[in-house]
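Proteins come first, then strands; the chains are lettered A, B, ... in the order of their sequence lines, and each starts at number 1. Just so we're clear, the structure is a prediction, and the values are computed from it rather than from any experiment.
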Protein chains: 2
Amino acid sequence: MESSSATAGVSTRREATRQKLYEAAVTLIAEQGFSATTVDEIAERAGVAKGTVYYNFASKSVLFEELLRHGVGLLTASLREAAEATARAGGGKVDALDAMIRAGLVFIDRYPAFTQLYVAELWRTNRAWQSTLMVVRQQAVAVVEGVLREGVENGEFSDEIDVPLTASALVGMVLVAALDWQSFQPERSLDDVHAALSRLLQGRVSGRRG
Amino acid sequence: MESSSATAGVSTRREATRQKLYEAAVTLIAEQGFSATTVDEIAERAGVAKGTVYYNFASKSVLFEELLRHGVGLLTASLREAAEATARAGGGKVDALDAMIRAGLVFIDRYPAFTQLYVAELWRTNRAWQSTLMVVRQQAVAVVEGVLREGVENGEFSDEIDVPLTASALVGMVLVAALDWQSFQPERSLDDVHAALSRLLQGRVSGRRG
DNA sequence: CTTTTTGAACTGACTGGTCAGTGCAAAAAC
DNA sequence: GTTTTTGCACTGACCAGTCAGTTCAAAAAG
């Protein structure tokens, strides 16, 4: 027992199998939901025997929980990186927010199924992975809240804003716009979508200009 | 015999039973998801026998579909009413948007379980009620899009805004902020939440003021 | 009025099928 | 030779949907 011996993300055989299972599970669960997706389906889609699923994960729920952790970890890292990059480039907090919106869009564009599944589970109660979800949600939202709070401190944002609520609203804006984009207008470019959201963020909607 | 003698030709008893089943189903499905919720549970929560569920609805899926139609109908009517009331009062399109945000919050405050369940299903594919969901979604979003479009026409909004995307983003803003409010800060008042979202809508976030 | 009939609404035990999870021997990979 | 995967038979719980039978209030008959 050892897989942690590989220094940097290099996959052992076991790690590769787990990755295949994540990918199979994420699309199936996004489409059908957790309960409607069978372990047999996941194994088949991953090209693996059912026994292998249970060799690698204690249960279906555990597979799902680790999938959640895995995915939100990627998102959080991406958001954090976007915020830090603008800071390094000397940008303000508005720029940081804008960069995080873009990072969010890129993430959703790359992992639409994961996003879908995450949204579907986020406000549920009475489910086994409830606590996992809370922890992981907080990690992601905290990045947005941090930028807002810093913006208030340095005077860039009004100190009357409600940090947690504004963070939720911003996340919702990006989330729903992106999912609708994927579902109903997939031909549009990311830049296009990003531009529309930037306009909204900066209150450039209710200015007459045409 | 002939209970249908009642004025509208609709049996009250039957309607009352259906209502009880909607109420039972909506909370259970919001908590657990459609597949994880059993018909036995729904019947028990509603205080009726399992057979009654099947006497009133062709199947579990049909019950769910009618529940969706029922709920989104309420929301759509509420949004439309909010928009029309501001128009009657001589308000502009920004006021209409603001009133619709409030109407959305009121709806979510009153029917949190329905909202939750709706969000969880909205972007799924390969489900039996997919087409029903598309239709009702469009009804609701169309109200927001209509106000935006009118605002562009009368010059109140920039004609550079992307109407469908902006509508999605606004819906997402309200949806996620409200669900997070319900889940994580239920003690806060609706006015409070409304004020925070108004501020965001009107771009009064990045104005230093404190 | 009283008795009988009607049928919509409801009941709950039952059925047939599904699925998470197990067990294990043999093969493959490393 | 150790770890991982395979294939597959098996089990026991669970569950959607069915159906023969019950209830009861209102209508019809007497």
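- Applying the side-chain hydrogen bond (donor to acceptor under 3.5 Å, both in side chains) rule to A/Glu150 yields the partners A/Lys93; only residues at least two apart in sequence or on another chain are considered.
- Here C/dA20 presents its P atom at 14 Å from CG of A/Leu21, a figure rounded to the nearest Å.
- The CZ atom of B/Arg14 sits 5 Å away from the P atom of C/dA9 (whole-angstrom rounding).
- Taking the side-chain hydrogen bond (donor to acceptor under 3.5 Å, both in side chains) definition, one finds that A/Thr132 meets it with A/Glu65, sequence neighbours left out.
- Between A/Thr38 and C/dT18 there is no side-chain polar atom (N or O) within less than 4.0 angstrom of OP1 or OP2.
- Partners of A/Trp181 by side-chain hydrogen bond (donor to acceptor under 3.5 Å, both in side chains), not counting sequence neighbours: none found.
- Contact check of residues 45-63 of chain A against DNA chain C (heavy atom, cut-off under 4.0 Å) returns A/Lys50, A/Tyr54, A/Ser59, A/Lys60.
- Partners of B/Phe34 under the ring pair (Phe, Tyr, Trp, His ring centres under 6.0 Å) rule, at least two apart in sequence or in another chain, are B/Phe64, B/Trp129.
- One atom, CZ of A/Arg13, and another, C1' of D/dT5, lie 6 Å apart when rounded to the nearest Å.
- Whole-Å rounding puts the A/Glu15 CD to D/dT3 P distance at 17 Å.
- In this structure B/Phe114 satisfies the ring pair (Phe, Tyr, Trp, His ring centres under 6.0 Å) test with no other residue, sequence neighbours excluded.
- Computed from coordinates, the B/Glu44 CD to C/dG12 P distance equals 12 Å when rounded to whole Å.
- Backbone-only engagement by B/Thr37 is indicated by non-hydrogen atom pairs under 4.0 Å involving sugar-phosphate atoms exclusively.
- For the pair B/Asp40 CG and D/dA13 P, the interatomic distance rounds to 17 Å; values are reported in whole Å.
- Within 6.0 Å of atom CD in A/Gln138, more than 12 heavy atoms from other residues, nucleotides or ligands are found, so the atom counts as buried in its surroundings.
- Here the C1' atom of nucleotide C/dA20 and the CZ atom of A/Phe64 are 16 Å apart, to the nearest Å.
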